[in-house]
Peer 1: 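Dumping the structure here so I can ask a few things about it.
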Amino acid sequence: MEEEKCPKCGAPLSEITETPTGRRLRRCSTGVWNTETHKTDGCDYVKWLEIEPQTLDEKCPKCGEPLVLQVTRFGKKMKKCSTGGWDKEAKKATGCDYVEWINGTTEKLDEKCPKCGEPLVLYTTAAGKKMKKCSTSGWDREEKKATGCDYVLWLKAEFKPQEANGEEFLPPEDIF
Ligand SMILES: [Zn+2]
Ligand SMILES: [Zn+2]
Ligand SMILES: [Zn+2]
């Protein structure tokens with residue numbers, strides 16, 4: 001691996017670490033995440049590695065250029081126009097600004113809602129959380145309120161707090 005130095009203290013950077021949401025980063029080798037204080041001991045420099053956007057077989061509805069699939073630091077997925085970019089110096093978007101956030105997926109279940117008897121669906125959020133909800137439930141975008149049956153059951157099986165690695169406490173990076 002290429003020897004890279006920390007711009008803050010000059011120590012070498014450590015190996016690439018992967019977060020639970022699939023983002024990759026390199027910390028300063030003198031920095032150690034302290035699970036008790038939830039702070040970094042030593043140098044707190046973190047270098048986020050870019051996730052290569054994946055080109056999709058879909059065209060931008062605004063300009064006709066190909067769309068790319070991008071994953072944010074928090075594991076949210078979106079489709080955006082391949083001509084769109086971010087000018088770090090001017091802090092403004094460049095190119096085409098088409099963005100489509102990808103929400104979770106819905107699967108039909110062979111189970112009935114205990115509240116109203118309609119079928120349940122399994123909803124997986126973009127970040128991988130799962131819940132069972134009633135197939136009659138919806139969201140009224142105009143009124144900004146839930147419609148239909150409100151039965152929801154979150155599935156907590158995959159929740160492992162002891163595996164928290166402090167990712168959520170890391171310093172913010174520029175958007176996307
Ligand atoms: Zn450092
Ligand atoms: Zn476009
Ligand atoms: Zn229901």
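In listed order, ligands and their atoms are each counted from 1.
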Peer 1: Checking S82 side chain against V68 main chain: does a donor-acceptor pair fall under 3.5 Å?
Peer 2: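 Side chain of S82 to backbone of V68: no pair is present.
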
Peer 1: Under the 3.5 angstrom rule, does the side chain of S135 hit a backbone N or O of P119 as a donor-acceptor pair?
Peer 2: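 Flag set: sc S135 to bb P119 pair under 3.5 Å.
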
Peer 1: With the Zn ion (ligand 2) at the apex, how many degrees lie between SG of C63 and SG of C81, rounded to 10 degrees?
Peer 2: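 SG of C63, the Zn ion (ligand 2) and SG of C81 span an angle of about 100°.
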
Peer 1: Any chance you could measure L122, atom CG, to L155, atom CG, to the nearest 0.5 Å?
Peer 2: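 Reported to 0.5 Å precision, the distance equals 6.5 Å.
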
Peer 1: To the nearest 10°, what's the angle at the Zn ion (ligand 3) between atoms SG (C113) and SG (C149)?
Peer 2: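 The two atoms subtend 110° at the Zn ion (ligand 3).
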
Peer 1: What are the protein N, O or S atoms, given as residue plus atom name, that sit under 2.8 Å from the Zn ion (ligand 1)?
Peer 2: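 Short answer, with waters excluded from the count: C6 SG, C9 SG, C28 SG, C43 SG.
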
Peer 1: Take a 6.0 Å sphere around NZ of K39 and say whether it holds more than 12 heavy atoms from other residues, nucleotides or ligands.
Peer 2: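 Counting neighbours around NZ of K39, 12 or fewer heavy atoms of other residues, nucleotides or ligands fall under 6.0 Å, so no.
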
Peer 1: Just to verify, what does E111 make a salt bridge (Lys or Arg N to Asp or Glu O under 4.0 Å) with, not counting sequence neighbours?
Peer 2: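 Per chain and number, E111 pairs via salt bridge (Lys or Arg N to Asp or Glu O under 4.0 Å) with K132.
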
Peer 1: Looking at R26 and S14, would you say the former's side chain and the latter's main chain have a donor-acceptor pair under 3.5 Å?
Peer 2: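 Between the backbone of S14 and the side chain of R26 there is a qualifying donor-acceptor contact (under 3.5 Å).
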
Peer 1: Could you tell me whether K115 sits above the aromatic face of Y151, with NZ or CZ closer than 6.0 angstrom to the six-membered ring centre and within 45 degrees of the axis?
Peer 2: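 No, cation not above the ring by the 6.0 Å, 45° rule.
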
